[in-house]
Amino acid sequence: MDNYFTSLISFYGNTSPRELIKKYGSPLYVYNESILRQRCREMVSLVSYPRFSVNYSCKANTNLELLRIIRQEGIHADAISPGEVHILLEAGYKPEEIFYISNNISKEEMRTIIDKGILISIDSLSQLEQYGEMNPGGSVSIRLNPGLGVGHHKKVITAGDDTKFGIDLELIPRVKEIARKYELKIVGINHHLGSLFMEGDVFIEGAKLLLSVAKEFSDLDFIDIGGGFGIPYRKQENEPRLDLRNFGKKLSPILENWAKEYGKQVEFIVEPGRYIVAESGVVLGKVHTIKENHSTSYIGTDIGFNVLARPMLYDAHHDIEVYKINENCLEKNYNKVTIVGNICESGDIIARDRLLPEIAEGDIIGIVDAGAYGYCMSSNYNSRLRPAEVLITAEGKDVLIRRRDTLDDLMRGFLP
Ligand code: LLP
């Protein structure tokens, strides 16, 4: 259980966690360009169906530099807020490369997105009416809820019978009625079952449900079958990867046959977020305190839930690596410890009762697989500064891609 994850793939290039923290401060998000590109390429070649595209769901990580790399890999994007659209355009994405997956948006927001020439996915009958009034004759996509959901936690299941998302398949006749009334062209349908599945079969089952109703729409140019592709967060326990090759092999003929029956080679789209970025990111932090409290050994670090919210929000597991202060020290003793941050809440726990190599004050720890839903969910809670972000380039060089917050950033927005 040594640091095989990052050492195996020389994650830190020509530098080391210690040098990075000395140079950029702690805590610190570090990304590896080669891993990011590799994950993009795996997704792009998922199926053999010729009109296949990947939209990166940029809610997972909107760092400008990472977005540029992802775009270079031939991947477009989905966005869910005007803020995401703004960042994507800054990163060089063209409006036609962005798909706006709307959810309970204001008319002003709808207007903004239409005016930018970005295609919108509509999530309810009432928003379809609003869209029709605003943009009669326009083209839209309809987000359907096929009745089946997946996810690593109930908070991230986005289809099925207990979620606010999507339009019930039974309402399709109403969708068509509204579309007729405003002469809307339904050019796409989309769905998203939820976040994180490790077996492709459930995704395929969902896709089949969507395809079983897709023929009711006669003008389709694309069908977006969602994201949710999982990554193995328990690599230290040898959790297997999602078998993308096998999954793609099963999915390809389903898409091909459907298109043949429909009589048109529609575009099939997937919208992964996590799979693209999660494994390219690590959060580094420093151990400041070690203490025993009522028979628990606490390792006190500077990685609070303001830096990485996933463990606190979803009880999510992240593997942890220990980089000893003395880099030549090969630690043989293992202890059960609870790793905590520096936020004033008892729930500020990164890992509870985790068996790790003996840790000393001054050591550095790395929370791995933190590239997705890491920095983008960080905050200034407790008026702490959000960390810097650094990229390890394909050549192994370290480059600052976002500076650490400053105290002045905390004052932004206050009137004099
Ligand atoms: N498409 C839609 C419409 C979505 O809502 C999402 C994620 C995705 C695509 C991308 O899902 P992914 O491929 O990343 O699983 N903060 C949570 C995850 C929330 C996911 C929200 N929607 C976490 O840290 O696990």
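Read the numbers this way: they start at 1 and go in the same order the structure lists the ligands and their atoms.
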Can you name the atoms of ligand 1, numbered from 1 with element, that are less than 4.0 Å from a heavy atom of [X]?
X      : answer
Arg274 : 12 (P), 13 (O), 14 (O), 18 (C), 23 (C), 25 (O)
Pro272 : 13 (O)
Met377 : 16 (N)

Q) Are Tyr233 and Glu279 linked by a side-chain donor-acceptor pair shorter than 3.5 Å? A)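 No, because no side-chain N or O of Tyr233 sits under 3.5 Å from a partner of the opposite role on Glu279.
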
Q) So, Ser57 versus Lys59: side-chain donor-acceptor pair below 3.5 Å or not? A)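 Yes, side-chain donor-acceptor contact under 3.5 Å.
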
Among protein heavy atoms, which lies nearest [atom], and at what distance?
atom                    : result
atom 19 (C) of ligand 1 : Val156 CG1, 3.8 Å
atom 6 (C) of ligand 1  : His192 NE2, 3.2 Å
atom 20 (C) of ligand 1 : Tyr373 OH, 3.6 Å
atom 16 (N) of ligand 1 : Tyr314 OH, 2.7 Å
atom 25 (O) of ligand 1 : His152 NE2, 2.7 Å
atom 7 (C) of ligand 1  : Lys59 CD, 3.5 Å
atom 24 (O) of ligand 1 : Arg310 NE, 2.6 Å
atom 15 (O) of ligand 1 : Ser195 OG, 2.4 Å

Q: Examine Gly273 against ligand 1 and note whether any of their N/O atoms are separated by less than 3.5 Å.
A: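 Looking only at distances, the answer is yes, because the N/O contact criterion of under 3.5 Å is met.
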
Q) Looking only at distance, does Gly228 have an N or O less than 3.5 Å from an N or O of ligand 1? A)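 Yes, there is a polar N/O contact under 3.5 Å.
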
(Q) Do Leu244 and Phe247 have side chains that approach each other closer than 4.5 Å (heavy atoms only, starting at C-beta)? (A)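 Result yes, sub-4.5 Å side-chain heavy-atom pair found.
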
**Q.** His76 vs Phe99 side-chain heavy atoms within contact, under 4.5 Å
**A.**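 Not in contact.
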
**Q.** Heavy-atom pair with the smallest gap, counting every atom of Ala79 and Val85
**A.**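 In this case the closest contact between Ala79 and Val85 is CB-CG2, 3.9 Å.
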
Q | Audit row: Phe268, Tyr49, ring-ring contact (aromatic ring centres under 6.0 Å, His included) steps and yes/no | A | CA-CA 8 Å; Phe268 279 102; Tyr49 181 83; 5.1 Å; yes

Q.
Is the contact between Glu271 and ligand 1 made by the side chain, the backbone, both, or neither, using heavy atoms and a 4.0 Å cut-off?
A.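 Contact part for Glu271 vs ligand 1: both backbone and side chain.
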
Q. Heavy atom under 4.0 Å from ligand 1: found in His191's side chain, backbone, both, or neither?
A.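 Neither part.
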
Q. Are Tyr323 and Tyr12 an aromatic pair by the rule of ring centers under 6.0 Å?
A.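 Yes, ring centres under 6.0 Å apart.
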
Q) Using the ring of each side chain (for Trp, its six-membered ring), is Phe305 parallel, tilted or perpendicular to Tyr381, with breaks at 30° and 60°? A)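 Phe305 and Tyr381: tilted rings.
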
Q) Taking the inter-plane angle between the rings of Phe229 and Phe203 on a 0 to 90° scale, is it parallel (under 30°), tilted (30 to 60°) or perpendicular (over 60°)? A)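 Phe229 vs Phe203 ring planes: tilted.
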
**Q.** Asp302 side-chain N/O to Gly285 backbone N/O, donor-acceptor pair under 3.5 Å
**A.**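 Checking the backbone N and O of Gly285 against the side chain of Asp302, no donor-acceptor pair under 3.5 Å is found.
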
